[in-house]
Participant: 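Handing you this structure, nothing more for now.
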Amino acid sequence: MSLSSSLRYFADTLAPSHGLVLKANKCVEQIRQVVLRELGDRYSIARIRPLGSFGKKTSLWFNMDIDVLVYLNDEMPPFDKFREELDDLVTLHLDEDCKRGSGAITFHLDGFKIDLLPARNYFQQHGGNGGKSREEVQVSNALEYLKQNPQLGDAFSTTLSEGAVKFEQLRSSFSHSVSRLAKFWSSTIGVPGFSYGRSSIMEYLGARAAEEEEAEGRQDIVLGFRRFLRMLLRVDELAVYWTAFYRVEDIPEAILKQRPLLVDPSNPYNNFLDDERAGYLAHMGAFAEVTLSRLDITEKKGGFPIDDLFEPQPLWPAIFVSSPKLPGNFLVTSESGSQKLLPEVERRPGAKGVDTSIAKGYIFSFVDALTAAAKFTREEKVSVANNVQALLQQFISPGFWPPPSGRHEDRDMTFTVPIGRESNEVIIISFDWTVSLISCHTMSLSGWLRKYADSLAPSDKDEARAGRVIARIQDVIHRNLGDRFSIDRIRPLGSYLKKTSIWFTMDIDIVIYLNDGEPPFERFKDELEDVVTIHLDEDCKTTRRGVGFLVEGFEIDLLPAKSFLNQYGYADGRDAAETQVRSAIQFLRNNPHLASGDKLTYSSSLSEGAVKFEQGHSAFSHSISRLAKYWSLTIGIPGFSFGRSTIMECLGARAAEEEEEKGSQNVLKGFRRFLQMIVAAQSLNIVWDIFYRVRDIPAAICQQRPLLLDPTNPYNNLLEGDLGKHLLKMGRFADETLERLRRAEFQEGCPIEIIFIPQPVWNQVFPTPRSQKRPRNYLVGHRSCSLSVPKIEKRAGAKGVDSSIARGYLFALADAVSAARLDSDGSEITTDRVKTRLQEMVSPGGGWSPCNDRHGDKDMTFTIPVGKDAGEVIKISCDWR
């Protein structure tokens, strides 16, 4: 079966079964009889109709809510008196736990969630309708009234509902399939706060995607679903409306000019995408892009892994950032012999005040996708239940699950989910809502971020050890090369001296300033490589700029540079760094062919200026720059390695400057400024005039956008070419982090781990094509060890593999989980927890179990200290295939 046929079949299975529809109709008839019997003698009731998704034929079977509308001949919105009596009626005869909202009476009947809503009738049963359908007359007359009373637009939404149903009923079954897929996909996407109007938005975007596909003479559901997802990538450009019940001229000009625009098909005064909902929809764009990538992978690989295609996004822990409580103490079982046709949710006192809509969507849709996947692989029924249970367990809480204990009814919340339509088997999952160790810190969010930023700096012990390594290298170079080359000075520079280093990526740049010769110093580099090979590291490698090697766990870059001290007669009042930089810039100004050529040729000669630039900034600025660099490690952008650290440092420094100009050193606000710069990267225009004047910058460079000018080199835009393109790709991830910060700010403390969950998820960083290697066959363990900095061991199978993203993800997440120890309440954050979180990231639901494999037999091993000076390490090994 082709992917299109499989996806169409899956979309059809999402529709309610015939038995479920019959049950729903009986439920509606019961409500109709009760309302007419109890209220029909006091109110002129024209008709009672089931509408909403149920009436539109776009319902999902496991989320089958029913809107029942009572059309009144003589009443007008807001129907206060009628709704009071309707509330009493439902309480007495249908559901004593019903709730009265702003427009509907909500209750449960026979497993269905019902919204009972009054509406004004505008259809006359006997004549005067001009041969038009009831829906056309109802909508036309209601809109005519609204033209005279536009302020009542919201109050008339139910009165126009028949038009919305008629609109969908006129669509093809193909259109209904695309809309159901859109709604199913939406249920797998966790966007807190996006509830009201979400279902209708998905339905209508699905309908438009189907229309566009049919307009080209096709009904290919893969292409239709892709069209829907691509709409979410360009939300700001959306301009969608229909003319089934009104003309374009009937849409007010002010609304027609709005962007994004999705006009209600039955109400020209209602743009579904107001500012708030447009923001939510734009937030879904990043997840739509992931799903598009999954579709590409599925098409290339063949088959139909429905559970992989619709795996919920973001990760389960990330959706609870805004909640003071997190789910825990899980119990998952399966049972057969059940007569339940619909999923059920039972809440107990411990779940009071908790919004469970996303958890409900994740669990219901994930179980349905797993069930569908089992059917496509023709698994036996007994294995389907067991498989769904095991995968659901790993999804919500990866790692080892002990034997079930306790009872479902003793926990705060229980979800009972049938394994497919009309099944006699169910999955039951229950849990308590508990205060999370991660999210319940005693500090403010800003204070916690500041403390975490400080914790990222190397310890005094590591600084001292690095100092000894640097002294040893300086001595080796002077002893072995000092008699053949005029070495002016050897200086440790880079992040190490800038005070912006992160302890677990503490690389050290050592610059050797030569009085004679010109870049690229080929003869000196050849001899330098020989010296390093003999005295320091036999596995050293010559790079474009120098020699790279490892000493005592530190990655060292030895970089030769031309010394410019005393060449242009600058005043004695300037220190060596300022003289060196200004002289180098003057040299480049006198040799424009060098200035406009390879930007790296003289970059090492300017390194002292970069250090002086950072040293001129405050400790607050260094904290923002460290947070910026740490965040960057959690963002997987393949190919974005060279120059990335410097870009993050500089953007962090500018964000800190802007915050300090307002008299503030609030780390949260400073970090937000940095992220907002990433989001608006296209328009960046950042220049400093410490070592050169603005008028010294070439006009062609001044006009470039984005522009982040090297503080020490007026000829070097750090965001030129691919570097700027890579930064633009980070924008959607910065937007997601801003959203996580927003949610975290409204609770006590800061869930550092969840704020910095890597993006995109691990499996999406190593996708196709098949010719590329990706990590697999994982082995994870831990032991006591005094390792101070992380270590990577590569073997033959990892030859040619760029491990920078994997390293950043693993090191950064391990540190974030360990960071809970910074707070006095974090003592229970154990090495086992860090190990479990790393396992969850690299292989969610991976079925981890003890084995006799050895780390030394894998292609690559990462050894990660559990925090600074912790005395424990976690080892993660994998093959690259």
Side-chain angles (χ1 to χ4, degrees), residues 14 16 20 59-65 97 106-113 183-184 186-190 192 195 199 307 310-313 315-320 323 325-374 384-398 401 404-434 844-845:
L14 293 173
L20 204 53
S59 277
L60 304 180
W61 75 268
F62 58 82
N63 192 23
M64 194 176 165
D65 303 340
D97 294 323
T106 301
F107 60 99
H108 288 83
L109 187 62
D110 290 340
F112 294 104
K113 179 188 172 188
K183 291 170 68 173
F184 179 81
S186 175
S187 71
T188 71
I189 305 301
S195 179
S199 177
D307 49 334
F310 289 104
E311 182 180 19
Q313 305 174 71
L315 296 174
W316 173 269
I319 64 174
F320 299 105
S323 174
K325 296 180 178 180
L326 298 184
N329 190 26
F330 294 99
L331 176 62
V332 181
T333 62
S334 59
E335 293 181 5
S336 59
S338 171
Q339 300 301 311
K340 294 184 185 298
L341 295 179
L342 288 166
E344 290 183 359
V345 181
E346 298 173 78
R347 300 167 71 116
R348 300 179 185 92
K352 186 177 181 181
V354 175
D355 179 8
T356 61
S357 57
I358 295 178
K360 173 183 165 185
Y362 271 32
I363 291 172
F364 290 0
S365 60
F366 193 56
V367 168
D368 194 63
L370 291 171
T371 305
V384 170
N386 292 338
N387 188 48
V388 170
Q389 178 180 337
L391 291 174
L392 181 63
Q393 286 174 325
Q394 291 302 315
F395 173 66
I396 59 177
S397 184
W401 277 68
S405 63
R407 302 184 309 165
H408 289 289
E409 52 267 34
D410 294 333
R411 287 167 165 81
D412 293 334
M413 180 164 287
T414 300
F415 296 87
T416 304
V417 193
I419 302 178
R421 298 184 304 179
E422 299 184 327
S423 167
N424 65 351
E425 291 181 300
V426 294
I427 290 288
I428 306 173
I429 170 173
S430 59
F431 48 81
D432 291 322
W433 288 93
T434 58

Participant: How many angstroms lie between CG in Asp65 and OG in Ser199, if you round to the nearest 0.5 Å?
Facilitator: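 Answer for the CG-OG pair, Asp65 versus Ser199, is 8.5 Å.
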Participant: Are side-chain heavy atoms of Asp97 and His108 found at a separation under 4.5 Å?
Facilitator: no
Participant: When rounded to the nearest 0.5 angstrom, what is the spacing between CD in Gln313 and OG1 in Thr188?
Facilitator: 6.5 Å
Participant: Is there a side chain to side chain contact (heavy atoms under 4.5 Å, CB included) between Phe415 and Val367 once you walk through the steps?
Facilitator: CA-CA 11 Å; Phe415 296 87; Val367 168; over 6 Å; no
Participant: Could you tell me the separation between the CD1 atom of Ile429 and the OG1 atom of Thr416, rounded to the nearest 0.5 Å?
Facilitator: 10.5 Å
Participant: Rounded to the nearest 0.5 Å, what's the gap from CD on Glu311 to CG on Leu370? Could you check?
Facilitator: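 It is 9.5 Å, given to the nearest 0.5 Å.
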Participant: Heavy-atom distance under 4.5 Å between the side chains of Phe112 and Leu342, does that happen here?
Facilitator: yes
Participant: Measure the shortest side-chain to side-chain distance between Arg421 and Leu20 over non-hydrogen atoms and say whether it is less than 4.5 angstrom.
Facilitator: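 They are not in side-chain contact.
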Participant: For a quick test of reading the model, state the closest non-hydrogen atom pair linking Asp412 to Trp433 and the distance between them.
Facilitator: OD2-N, 2.7 Å
Participant: Are Asp368 and Trp61 close enough that some pair of their side-chain heavy atoms sits under 4.5 Å apart?
Facilitator: yes
Participant: Considering only heavy atoms from C-beta outward, does the side chain of Phe62 approach that of Ser365 to under 4.5 Å?
Facilitator: yes
Participant: Do Arg348 and Thr414 get their side chains close enough for a donor-acceptor pair, meaning under 3.5 Å?
Facilitator: yes
Participant: When rounded to the nearest 0.5 angstrom, what is the spacing between OH in Tyr362 and CD1 in Ile189?
Facilitator: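 That separation rounds to 6.5 Å.
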Participant: Looking at side-chain heavy atoms only, is the closest gap between Phe330 and Ser430 below 4.5 Å?
Facilitator: no
Participant: Could you state the interatomic distance from CD (Glu346) to CD1 (Ile428), rounded to the nearest 0.5 Å?
Facilitator: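 Going from CD on Glu346 over to CD1 on Ile428, the span is 9.0 Å.
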Participant: Any side-chain heavy atom of Val417 within less than 4.5 Å of one from Phe366?
Facilitator: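 Contact flag for Val417/Phe366 side chains = no.
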